[in-house]
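Worksheet: one structure, shown below.
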Amino acid sequence: MSAIGLRGVVKAWGATRAVDGVSFEASAGRFVVLLGPSGCGKSTTLRLIAGLEQVSAGRVFIGDTDVTDMPPAKRQISMVFQSYALFPHLSVAENIVFGLKVRRLPAAERHTRLARVAALLGLDQLLGRKPSQLSGGQQQRVALGRALIAETPVCLMDEPLSNLDAQLRQEMRREIRALQQQLGITMVYVTHDQVEAMTMADQVVLLRDGRVEQDGTPEELYSRPATVFAARFIGTPPMNVVSIPALTGNGTLLGVRPEDIRIAACGAGGGVAGVVENVEYLGADSIVSCRIGAEAMTVRASRVAHLSPGTALRLSWPAEATHYFDAQSGKRVERAAPAVAQFVA
Amino acid sequence: MNRFSVQIHGWLLVLPAAVLLAAFTHYPAVATLLHSFYSTPKANRPAVWVGLENYRAMTQDPVFWQVLGNNLWFALGTIPASIALAMLMATWVNGKLHGRAFLRLAYFTPTILPMIAVANIWLFFYTPTYGLLEQITVDLLGLPSHNWLGTPSTVLACLIVVTVWKEAGFFMIFYLAALQAIPPALAEAAAIEGASRWTYFRRVVFPLLMPTTLFVLVNAVINSFRLVDHIIVMTRGGPDNASSLLLYYIYDVAFKFWDSSYASALTIVLLAILASAAIMQFAFLEKRTHYQ
Ligand SMILES: Nc1ncnc2c1ncn2[C@@H]1O[C@H](COP(=O)(O)OP(=O)(O)O)[C@@H](O)[C@H]1O
Ligand SMILES: [Mg+2]
């Protein structure tokens, strides 16, 4: 059974189509990340699932119900907003049980659930405080608590970590993922940060200009990017997608990830010849920018401190790490890699 | 420059404002208090110290008690109604409504009009026989004719309606500003939690409007003791003092009966009422108010 399904969903404001025919399915208990650059329609898609916006076309399913025409309250979802949307005049406890009170759950039930959620999120000591007396991370937890206490099967989150510092973000990332798995919730999580998507997701839906660019597991997105856009969006630094007709023939682009490239001294055989332009030292490894004819390539390598700009070297990569894309459509092309085999060191 | 001359400079800079303030605000206030302890000077008899005599006379002045009662009813009639109406209009105008810019202007118009003009408009509404109100009640509904402003039992209510109409638009502006400061995500969060629009208003919007309500309330209380223009235009306190308010009575005593000492004593009472109202409001509401 799929917990969430979108079929040809469109949201248009006048001439702008923020969401332009998005379809995907997510099975129950999965962590789905809507990924994409700013303005690609992630938030709008999430708000369409929540019912905060009305679709212009298409259907939205939650569980096996067509919820397209239902108000948010009827959709059995909870949501964490980017701004947290905590009620500033209510205490932490009141914020968390707000929905239960509205739905008139008995007080005893409210207390049990509040105690459970507070313990789960480490909020026990903060229940009497106002949101303004909390740090960003604590406010985040309260927002999370308000979503979890409803015990809805589906939880939606819109860039919930974007207001936190890097350290805290990493902590919360792990925590949210753990909670989601522990409670078996179906999560739809919006982010523009591919690292967040790769580390948390069971399923990544990559969006671009309101359309689905690729829908798959993080491994699939990483190892078999469906388009040039997907290839360049995933990975730090992103995949090199270059045009070297000598290697691929005309009309095809070559893709290879920086971490798949090996560097050899100029005199060694095999590989393509390049010149070092710049070395960025990161500690464990370095990012080496090279020039290969008219194209630029980045290489992720360790122990290359001796390289200085202007050094000539040879780059090589295994055949299975080579990706091909159609230069016109940008779509992935499946082909064996005979032309490159000779360059493999 | 040494510290001394900096001080001198500072004082010189505030001096003009301080002089004006002292001459036209502080001195008259203190003088009024002093006057209230003296008798009114006459041509052949200078003012003499009478202590609390003016205040004792006040307690035995039936007109004073009537006017004070009127004023309390007037406050009770105008304050909650104008605040509630202002909140209602602001919520309405804040929504996703076609032509809301026009509505905002329409609601705000009474505030721009001078009270004298407002009073004249309403004077026409209330006019016996051919006024708008009479045209509706008598001609349309067939009710018996009624002199709304000429009857003691209805005249105060008529003034209350005028005042509410005049004030609500002004207060609405403050509520509108406060409403626009509330992030839309709060409404969305509440909607997802299953809150109806009314629940959202009662549990979230209304509490968040409390600082504004406090501010508006203080202003409404002050206004209910401060407005006299419409009385002067519409009723001159009549009939039989039924529409006279405290400030209008002070005006009568001071400039019709020329009893300046008694008027001073009445003024001090008015000030005391306003001061205690303001203190009580801040003391009680401050605690229950959430400031963002
Ligand atoms: N209420 C709206 N009215 C008009 N255009 C909107 C509205 N909300 C979003 N958009 C437009 O839709 C596009 C997608 O927005 P959004 O879903 O917020 O992007 P993302 O969350 O991926 O950054 C943007 O171009 C944005 O300007
Ligand atoms: Mg967004």
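Below, chains carry the letters A, B, ... as their sequence lines are ordered, and counting in each starts from 1.
E188(B) is not listed as a side-chain neighbour of M79(A), based on a closest heavy-atom distance of 4.5 Å or more. Side-chain contact check for L186(B) versus P88(A): some heavy-atom pair is nearer than 4.5 Å.
Taking both residues in full, the closest heavy atoms of I192(B) and A50(A) are given as CD1-CB, 4.3 Å, listed atom of the first, atom of the second, then distance. Taking both residues in full, the closest heavy atoms of P207(B) and H89(A) are given as CB-CD2, 3.3 Å, listed atom of the first, atom of the second, then distance. Between K101(A) and R203(B), the shortest heavy-atom contact is CD-NH2, 3.7 Å. Counting all heavy atoms, side chain and backbone alike, E193(B) lies closest to G99(A) at OE1-CA, 3.2 Å. Residue R146(A) comes nearest to A189(B) through the heavy atom pair NH2-CB, 3.6 Å, listed as atom of the first residue, atom of the second, then distance.
Rounding to the nearest 0.5 Å places CZ of F98(A) at 9.0 Å from OH of Y200(B).
For L86(A), the part sitting under 4.5 Å from any heavy atom of chain B is the backbone (N, CA, C, O) and nothing else. Of the atoms belonging to T152(A), not a single heavy atom falls under 4.5 Å from chain B.
The candidate with the highest count of non-hydrogen atom pairs below 4.5 Å against chain B, out of A147(A), A85(A), A143(A), is A85(A). Interface remark: of the candidates V102(A), L156(A), I77(A), V102(A) forms the most heavy-atom pairs closer than 4.5 Å to chain B.
Counted within 6.0 Å of CZ on R202(B), heavy atoms from surrounding residues, nucleotides or ligands total more than 12; the atom is thus considered enclosed.
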